[in-house]
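We use all heavy atoms of the structure for the numbers below, so side chains are in, but hydrogens, waters and symmetry mates are not. Position 1 is the first residue of the sequence, and the numbers go up from there.
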Amino acid sequence: MESIREQQIEALKTADEYLGRLIPAMEQVCSEIKGDMQEDTIEFLLQIIDGFNFMIETYNVTRDIVNDPEPLINDDQLEKVVGSLSEGFSKKDYASIAEELSSDIVPFLKVFKAAAEQKTA
């Protein structure tokens, strides 16, 4: 039977691979929202948000490894960012969603990816 730590490492490996695709997709959708919206931009955004939610869940089960020996991610700040993102969705304010994604979410995902790479190397 695998230990919890082994399961967390496996989750981080999955996150590292997934983030390699999610981060560029998120940057692309932000660019589309801020510039040239396509017919499928909102649908693409919703798929990306599903991926982001998956990464939040993964972070939640691996946070003790990610933030050891020093805190890399501020959970309170992350919670505020997710709240702002949710508010943007409730208002269908896609410009603020794109801003939140590019200014806060993508940097969080990059830190999470770097931590996952380091912890699984």
Visitor: Counting only N and O atoms by type, is there a donor-acceptor contact under 3.5 Å from the side chain of Glu27 to the main-chain atoms of Ser102?
Guide: no

Visitor: Might you work through the salt bridge (charged side-chain N to carboxylate O under 4.0 Å, His left out) test for Lys13 and Glu17, ending with a clear yes or no?
Guide: CA-CA 6 Å; Lys13 286 179 184 175; Glu17 291 175 25; over 6 Å; no

Visitor: Can you measure from CD1 (Ile97) to CD1 (Ile105) and round to the nearest 0.5 angstrom?
Guide: 11.0 Å

Visitor: What pair of heavy atoms forms the shortest contact from Leu101 to Cys30, and how long is it?
Guide: CB-SG, 3.4 Å

Visitor: Within a 6.0 Å radius of atom NZ on Lys34, are there more than 12 heavy atoms belonging to other residues, nucleotides or ligands?
Guide: yes

Visitor: Between Glu70 and Asp68, is there a donor-acceptor pair closer than 3.5 Å when you use the side chain of the first and the backbone of the second?
Guide: no

Visitor: Which value, rounded to the nearest 0.5 Å, describes the distance between Lys92 atom NZ and Ile42 atom CD1?
Guide: 9.5 Å

Visitor: Do the side-chain N and O atoms of Asp104 and Gln77 include a donor-acceptor pair separated by under 3.5 angstrom?
Guide: no

Visitor: For Thr62 and Phe112: C-alpha separation, side-chain torsions, deciding distance, then whether side chain to side chain contact (heavy atoms under 4.5 Å, CB included) applies.
Guide: CA-CA 10 Å; Thr62 60; Phe112 186 35; 3.8 Å; yes

Visitor: Please report the interatomic distance CZ(Phe89) to CD(Glu100), rounded to the nearest 0.5 Å.
Guide: 11.0 Å

Visitor: In sequence, state the C-alpha distance, the side-chain angles, and the governing distance for Tyr18 and Thr58, and then conclude on side chain to side chain contact (heavy atoms under 4.5 Å, CB included).
Guide: CA-CA 11 Å; Tyr18 192 80; Thr58 305; over 6 Å; no

Visitor: Less than 4.5 Å apart, any side-chain heavy atom of Phe108 and any of Ile56?
Guide: yes

Visitor: Test your reading of the model: is there a side-chain donor-acceptor pair from Asp40 to the backbone of Glu43, 3.5 Å cut-off?
Guide: no

Visitor: For the backbone of Ser3 and the side chain of Glu6, can you confirm whether one donor and one acceptor N or O come within less than 3.5 Å of each other?
Guide: yes

Visitor: Should Asp75 and Tyr59 count as side-chain neighbours, where that means a heavy-atom distance under 4.5 Å?
Guide: yes

Visitor: Measure the CD1-NZ distance between Ile9 and Lys119 for me, rounded to the nearest 0.5 Å.
Guide: 8.0 Å

Visitor: Quick one, Lys110 and Ile23 - any side-chain contact, counting heavy atoms below 4.5 Å?
Guide: yes

Visitor: So, does Asn67 use its side chain to make a donor-acceptor pair with the main chain of Leu72 at under 3.5 Å?
Guide: yes

Visitor: Among Leu109, Asn60, Thr14, find the residue that satisfies the side chain to side chain contact (heavy atoms under 4.5 Å, CB included) test when tested with Met55.
Guide: Leu109

Visitor: Taking CD in Glu79 as the centre, count heavy atoms belonging to other residues, nucleotides or ligands within less than 6.0 Å. Is the count above 12?
Guide: no

Visitor: Answer yes or no: is there a side-chain heavy-atom contact under 4.5 Å between Val61 and Gln7?
Guide: no

Visitor: As an exercise, state the distance from CZ of Phe44 to CE of Met26, rounded to the nearest 0.5 Å.
Guide: 9.5 Å

Visitor: Scan side-chain atoms only and decide if Gln38 and Asp36 contain a donor-acceptor pair under the 3.5 Å cut-off.
Guide: yes

Visitor: Using 0.5 Å steps for rounding, measure from the CZ atom of Phe54 to the CD1 atom of Ile49.
Guide: 15.0 Å

Visitor: Is the backbone N or O of Met37 less than 3.5 Å from a side-chain atom of Thr41, with the two atoms forming a donor-acceptor pair by type?
Guide: no

